[in-house]
Structure formats: C-alpha cells, structure tokens
Amino acid sequence: ILNVEQSPQSLHVQEGDSTNFTCSFPSSNFYALHWYRWETAKSPEALFVMTLNGDEKKKGRISATLNTKEGYSYLYIKGSQPEDSATYLCAFIMNTGNQFYFGTGTSLTVIP
Amino acid sequence: ETGVTQSPTHLIKTRGQQVTLRCSSQSGHNTVSWYQQALGQGPQFIFQYYREEENGRGNFPPRFSGLQFPNYSSELNVNALELDDSALYLCASSPRGTGELFFGEGSRLTVL
C-alpha cells in the first residue's frame, strides 16, 4: 500500500496570517507531485505540477517546494485571505505508471 | 473552452443495483480518469482511459468497469452495488496520462 500523507488534517488561521502544510510521499520511484485546491461545491483545480528535486513554484501568494530525496513537499500561503479557504490535496505519481496517489487533504479555513 | 462535466450530480440506489455515471472531457483532452472519494478519504484511482482503451487500473473489483467513446467522453459502470460504494465519484481529463488533471464537480452516489 502506497502512503501519501498530508498534515495537518485541518487548520484555522486569521486573515493575514501565513501558513504552510506538508505532503509526504515515498522517496523512491518518483515521477511527479501535484497540488490541487478544492473549494466547497466546486471541482479540484491544479495549483502546481512539480517534477524536479528542489523545484520551487509560485502563484501569487501561494508557493510550493519539493524534496524528492526525502519525500516531502511544502505548500505555503502568505497573508492568507478568506478566499484561500479550501481543501488542499497533493497527489504523487510514480515513474512506473500513470496512477495518481492522493493524500487525504488539508482543510484550511481563513477567518476574516 | 468547455470544462469537464459529469452527470448525474446526485443519485440514490439500493444495494445490488447497477449505476452508470457519465463524464464529458475537456476539449482536446484524450485521457480520462475516474476517482472514488469516500468520506474522510482522498480520491482513490479507479482507472484511466486513453483513446478508448483502459490504460491503468487501481485496486477496484471487476464490477467497476468503464468505457471511453470516440469523442473522449467516458462512462463509469458499477454493478451489484454495495453500501461501501457510497461516495463521490470524480472524473478528470488531461491532455496526457500524467499531466495536470482537470476535474468535474463529481457525482455523489448513495447506496441504501
């Protein structure tokens, strides 16, 4: 069984706070790591596709880093806003197939 | 550009019945994947279709089957429904097997 773990499971932050959460995945057979944002009553949307060890990606106030040797990725949100409230999912893809292994997600609530 | 659409959005079935869920992929995408998200879990890979052929399958029994049509739309069929099949079923299309996923809003199945 392949484990992709996300922590924390949920968190509540005040508007303006910065926050980060973790995705842990196997350090072998790495192909790619995706981050998705899933707002309530909508469909998940891709934030980042990361493929290289040491990758750093940024989209506005959101950024992500990748360490394939130790098997983790961090997602950072700077100056959280209420519209950042969502569940953030990571998905690990092995180099031996096309299956996406999703974590259970981190539910973020930003309090105005 | 039309996004991924799924139907129906909600349905209720009884144990032992059969269900068909439908998905229209995003324009230009030839790959469709299906995921099951049970309560408290991350999305679990059911299978992927590429150019009308099954192109990878997760750990689901044969009563979960699918089709992809020449226009790249897809169906998920589940026979002999069980209570544990109650879940949100997500369809995602992509321009290639391991590329960014574009999700529909899901079909929520309740099995009584």
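Convention: sequence-line order gives letters A, B, ...; per-chain numbering from 1.
- There is no contact between B:Gln6 and chain A, counting heavy-atom distances below 4.5 Å.
- A heavy-atom distance below 4.5 Å is found between the side chains of A:Pro26 and A:Phe92.
- Side-chain contact check for B:Pro70 versus B:Glu52: some heavy-atom pair is nearer than 4.5 Å.
- The environment of A:Gln9 atom CD is sparse: at most 12 non-hydrogen atoms of other residues, nucleotides or ligands sit within 6.0 angstrom.
- A distance of 7.0 Å separates CG in A:Asn98 from OG in B:Ser33, rounded to the nearest 0.5 Å.
- For B:Arg108, the CZ atom counts as loosely surrounded, since its 6.0 Å shell holds 12 or fewer non-hydrogen atoms of other residues, nucleotides or ligands.
- At a heavy-atom separation below 4.5 angstrom, chain B is approached by no residue within residues 66-74 of chain A.
- Using a 4.5 Å cut-off between non-hydrogen atoms, the part of residues 37-61 of chain A that approaches chain B consists of A:Trp38, A:Ala41, A:Lys42, A:Ser43, A:Pro44, A:Ala46, A:Val49.
- Taking 4.5 Å as the heavy-atom cut-off, the residues of residues 71-93 of chain B that approach chain A are B:Leu88, B:Leu90, ordered by number.
- Crowding of B:Leu39 atom CG: a count of heavy atoms from other residues, nucleotides or ligands under 6.0 Å not exceeding 12.
- Chain B is approached within less than 4.5 Å, heavy atom to heavy atom, by A:Phe102, A:Gly103, A:Thr104 from residues 101-111 of chain A, ordered by number.
- If you check the side chains of A:Glu83 and A:Ser85, you find no donor sitting under 3.5 Å from an acceptor.
- Side-chain contact check for B:Arg57 versus B:Ile46: every heavy-atom pair is 4.5 Å or farther apart.
- Side chain of A:Gln99 to main chain of A:Met94: no donor-acceptor pair is present (N/O by atom type, distance under 3.5 Å, no hydrogens or angles).
- Ring centroids of B:Phe45 and B:Phe47 are separated by 6.0 Å or more, keeping the two rings apart.
- Between the OG atom of A:Ser63 and the CG atom of A:Leu75 there is a distance of 7.0 Å, given to the nearest 0.5 Å.
- In this structure, the ring of A:Tyr36 has its center less than 6.0 angstrom from the ring center of B:Phe103.
- Between the CG atom in A:Asn29 and the OG1 atom in A:Thr96 there is a gap of 5.5 Å [rounded to 0.5 Å].
- Remark: the backbone N or O of B:Gly66 is paired with a side-chain donor or acceptor of B:Tyr49 at under 3.5 angstrom.
- Residues B:Leu21 and B:Trp34 form a side-chain contact, since some pair of their non-hydrogen atoms from C-beta on lies under 4.5 Å apart.
- The shortest distance between side-chain heavy atoms of B:Cys23 and B:Val4 falls below 4.5 Å.
- Within the 4.5 Å cutoff, no side-chain heavy atoms of A:Ile93 are placed close to those of A:Leu33.
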